[in-house]
Structure formats: C-alpha cells, structure tokens
Asks: 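Sending over a structure as structure tokens; questions will come in a sec.
Proteins come first, then strands; the chains are lettered A, B, ... in the order of their sequence lines, and each starts at number 1. This is a predicted model, so every value here is computed, not measured. Any value given below was found using the heavy atoms of this structure, including those in side chains, with hydrogens, waters and symmetry copies removed.
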Amino acid sequence: MNLERIDEIIDRYEGEEGALLQLLLDIQSELNWLPREAIEQISKRFQVPVSQVYRIASFYKAMSLAPRGKHTVNVCLGTACHVRGGQRIMDKAEDSLEIRAGETTKDMKFTLGRVNCLGCCALGPVIVVDDAYYGKLTPAKVEEVLESYT
Amino acid sequence: MPKLDSAAELEQLRREIVSQRDPNKPCIAICAGTGCRALGCDKVITAIKEEVRKRDLAGKVDIRETGCPGFCEKGTVVVIYPEGICYLQVIPEDIADIVSQTVVEKKVVDRLLYVDPTTNEKLTYEKDIPFYKNQMRFLIGNNSKLDPKSITDYVALGGYSALAKALSQMTPELVLMEVERANLRGRGGAGFAAGRKWKTTRDAPDETKYVVVNCDEGDPGAFMDRALMEGNPHGVLEGLAIGAYAIGCREGYIYVRAEYPLAVENVGIAIRQAKEYGLLGENILGSGFDFTVKVHRGAGAFVSGESSALMTAIEGRVGEPRPKYTRTAVRGIWDRPSNLNNVETWANVPLIINNGANWFTSIGTEGSKGTKIFSLVGKVNNTGLVEVPMGTTLRDIVYKIGGGIAGGKRLKAVQTGGPSGGCIPDQLLDSPVDYDELAKLGSIMGSGWAPAA
C-alpha cells in the first residue's frame, strides 16, 4: 500500500470543509477500491473516527471496500433500460463472466455491477465498461463487447 | 485573457469573436454527448479529423464537438453548417463522403438523410425534421451551436449578456421581481415557484447563504439535465450567478451525480474559463459582486437527490435525508440558508433576464410558463430529448415528435415523473403538459417519459 500517494491526495483537501466524500472518490478512482489502510490514514489525518469514514465508504455505490477487477462493467437497470430488456443483458453478463452482480471474477479481470440510469435512456439497454458506453445492446452483443477487453 | 471589467467589455469581446468568424466557413458539428458516445461518436470524430487532415482542409473547415442535440435515437448526429444539413446514424465509413461531397462540393449525401416514416420523403435540413420542427428549443437548441468546452462559443451566441445586464442595470431586488413575475416553476418535478424560494433564502437572517444546482438527475429515464450540463454548462453557470446576485450569495455548489462523468468534466472546464474571463470570482464585470462555484461529485446514491440529503452530502457526510422542520431554503448546507434548484430551472434564468418576464409568460399555459424539456424514452420511434412549450398535449409529444409507437403497436400508457409520478393511460392522451393538469391526473411533471406499448 502506497501511503505516500494517499497522503498526497489527502493534502489536496487540507483544511477544506466537507471534503471527506470527494477525497474518498479520488482515492477510489486512483486505486479502484478503498483499502483499510487508506481509510485508517484518512481517519488519522482528518481526526474523525474510522467508523465515520467507513459509514460513508459503505453507503455510496461508487466506492468499493474490496479490490475491483481491471475492468468495471456496469449494466444499467434504470426504468428505460429495464423496459427495453436490461435484465436480459444483466443475465447474459452474469452468465458470461460466471459471477453475480457485485462480484469480481477470480482472475481479477472484471467486476460486474448494476447502475440505475446512466442517462443514455434513448439508447437502452446500455452498459458501460470503464469509460466506454455501449448502447442498443442485445444479449448476443454482450459477449462480443466483453471479449474485446483483455 | 485579461479579465473583463464591465458589461461593455463583454459586448466588445462578443463583437470581436463574431467578427473573426466567417459565417460562410463550413463547420462540421458532431454530437459528443454521452448518448452518441454510446453509439461510437468518438470514432466518427477521429475519422473526421483524419479526413480533414488528409485532404489538406485544416483551417478551411471547423470541427465542433457539441453537446446533445436531442435526437439520440438517430445518433451519431452530424450537422454541416452554415447550411444546417443533418446527417443521422453516421458511422466512420461515411466520413469520406461527407467531407468530399458535402463540405467540398456542397452536395448532399442522400443515404444519410432523415427519411420521414409516413411519407418516405428524405429531409435535408435539421429544421425540417418533424422531431425538431414541432419543438420549441430555447434551451436544448443551443447545444448544437456550441462546443461546451469553449467559452468563446457561448459568448459569441450572446452568452453572459444576461449576467452583465443584471449586474449593470438591475438591482438584486429587480432581478428577483423579474423571476417572480415570470412565474418560473421548479423543473425538478414539484413545480414550486422559483422566485418564492429565492425570496425565502434572500430574506433568511444569515450573512452566508448558498445557491445550489441539483444535477443528481435520478429519475429513471430522464437525461435532460445531463444534456444541459454536458452540452451548455456556461448557460447553467450564468443562471446560477444571476440567482446568487438576486439572493445575496457569494458561494454556489453544483452537485453532479457519479454517473455523469462528462458533465463533471465540462462544468469544471466552464468554471475555470469563467473565472479566467472575470465572469466568476471577485468583482465580476467590475460590479463589486463576488461569486465562486464548487463542483461536488456524487457517489452513486439515488436518495442523495432529495434536497436535504444532497446538502448533507455536500457537507461531506452520508447523503441521507434529514427531517426538514425548517426548509432548506432557510437551513440547508451547514444550517445556512441554501437555495436549491435543478439544472433546467437555472438554465431558464438567463432567458428571463434577457427577454423579460413578459416574453416568458407569453409561452405556456395559465399556471405553467415557458418550455419544458422531456426525455422521451421507451417504446417510441424517435427517442431523445424534446423541448416543448408548456400546454402541449401528450399526444403531440408521443406522435408528432416521437413519431408514434415503435413497431406500429398500440400505446397503453405514458409513464411520467419517474418513481414519484404515474402512468397516464391512452384515453387521457389529449391532456396538456402542465404542472396542475398532470397533478390532477395523479402524476407529476417529472421529466422522463416512457411510453409503454
């Protein structure tokens, strides 16, 4: 664990009111998860109880307390995607990756998640892999998309 | 860029920008919003840049990556200006033809045009396509005219002139009165009068007050706030700054949900540019008014879109609602008076200040003024963003603009307003879109529209 890097991120928010959430997001995007050491370091530097930091980290969906795979696959199950067959896309993704939503593959390649609305409702069903959006999906295309990631 | 010191300097800058631009120079505008990204617009943009370079056209043609024009169903959308030729469902393989035929030879590429499903007629211009033609696009219409990452594009269109007008010609009280007279109602769904909310925060006894933009667009199926924030962030900032002036705030927050990374990026750039130009920060346009804005990223919690939860999240805590014994307009962020409006509400403010309350109230119905943007999604032919005057019937939205139900099926109901709204059956399709009418039907204005067949 690179505590120095975490300290650097914490430094950005020194003395700023209400920075905890933004800080956790920065660490999440840097490390792709929130290790215990990072949370303890924040608690120490910000003088807030570890439990309070954990409370925030466990409440928000964008944060993960377990290591995430190399690629994050999010299947949209918001209403618009739902009525256009989002669940079938999720089923297919779960089948292909052999994991359930919220889990990570054993080889640490993919973490599968669900989101409620990515705001591309006109193109549902939609999935997003890391920063790339894929619209108008069919179950058949899901495999194709996933295979393009190594 | 030296800071602008007065309204006159802003106007001078606008003239300079406009005079340096050749209105006849071809411009290829490509939608680079999240919707078209999902359809691969990145590759289209790369292909255009490559083609322009290959043909040695650099400097002779502008390439503009714009926000979402709304017609997501037919993305990637490419519009060639000054003619306004609209190409739909463009893929990288089409680019060579678009550049060689349309940009160079001024000929139209037939196969990429919109085909009217009823008449089979091909329509060349954006303005003739029924999806666009039957709308009134004061807000969303700007998206295809500007690059959201360019403040000069916004200024060229008259951007920040409403802020300049408010600061140089109007007192805060006058600005507030104008918004009250315009009867601008909250676009988030509840339809509370924005002017009354502003006044509550203004009158609250505390020196420090905040203005807040709610871009935690959680309503499933709704994405107009995303499109406005991504496509024209300066428009929202300008509205927010005017509100801050009227209410008496020096600080503002923009809360953007985690699922909208492009909106976070674009509004961040917009804030930096506005500061550099002296349109945010200290002594804005030499008026003595100071105003700074911070972006607060959400972290994936639906409930944090509720006003008190959103404010708790801004304080850096778990964004859950708290009891509102006192309104957030009086006790919000850190218990200070905090005026929260959604993105679209703020985006309407510059229009009201520039054109006046009389103009604004001439659009819409008795109780609901102005236009409203909806996201039309679900089983309809033309999905996308639709901006119509209040009072338009559901039928017109679904059939005239939406092109009817996909696959020729019969419409069963229209779901409006997300989880807090309701389903409106087909026999009530002639109801006008109006806060009070929809409430009578047991639904709410909301934002997302999902016709089910």
Asks: Check each atom of Ile56(A) against the heavy atoms of chain B and say whether the ones under 4.5 Å are side chain, backbone, both or neither.
Replies: both
Asks: Do Arg322(B) and Glu315(B) sit within salt-bridge range, that is, some charged N less than 4.0 Å from a carboxylate O?
Replies: yes
Asks: Against chain B, label Gln52(A) side chain, backbone, both or neither, depending on which of its atoms sit under 4.5 Å from a heavy atom there.
Replies: neither
Asks: Check whether Arg317(B) gets within reach of chain A through its side chain, its backbone, both or neither, counting any heavy atom under 4.5 Å.
Replies: backbone
Asks: Any idea which of Gly78(A), Ala132(A), Cys117(A) has the most non-hydrogen atom pairs under 4.5 angstrom with chain B?
Replies: Cys117(A)
Asks: Look at Lys61(A) together with Glu259(B) and state whether they make a salt bridge at an N to O cut-off of under 4.0 Å.
Replies: no
Asks: Of the backbone (N, CA, C, O) and the side chain (C-beta and beyond), which part of Tyr13(A) lies under 4.5 Å from a heavy atom of chain B, both, or neither?
Replies: side chain
Asks: For the pair Lys92(A) and Glu143(A), evaluate salt bridge (charged side-chain N to carboxylate O under 4.0 Å, His left out) and give the outcome as yes or no after the intermediate values.
Replies: CA-CA 8 Å; Lys92(A) 184 72 194 173; Glu143(A) 231 156 43; 3.8 Å; yes
Asks: Inspect the contact between Lys141(A) and Glu144(A) and indicate whether a charged nitrogen and a carboxylate oxygen are less than 4.0 angstrom apart.
Replies: no
Asks: Between Lys70(A) and Asp130(A) (salt bridge meaning N to carboxylate O under 4.0 Å), is one present in this structure?
Replies: no
Asks: For Lys74(B), is it the side chain, the backbone, both, or neither that has a heavy atom closer than 4.5 Å to a heavy atom of chain A?
Replies: neither
Asks: Non-hydrogen atoms of chain A under 4.5 Å away: do they reach the side chain of Ala227(B), the backbone, both or neither?
Replies: neither
Asks: Is it true that the NZ or CZ of Arg226(B) lies under 6.0 Å from the centre of Phe223(B)'s six-membered ring and within 45 degrees of the ring axis?
Replies: no
Asks: If I measure from the heavy atoms of chain B, does Arg84(A) come under 4.5 Å with its side chain, its backbone, both, or neither?
Replies: side chain
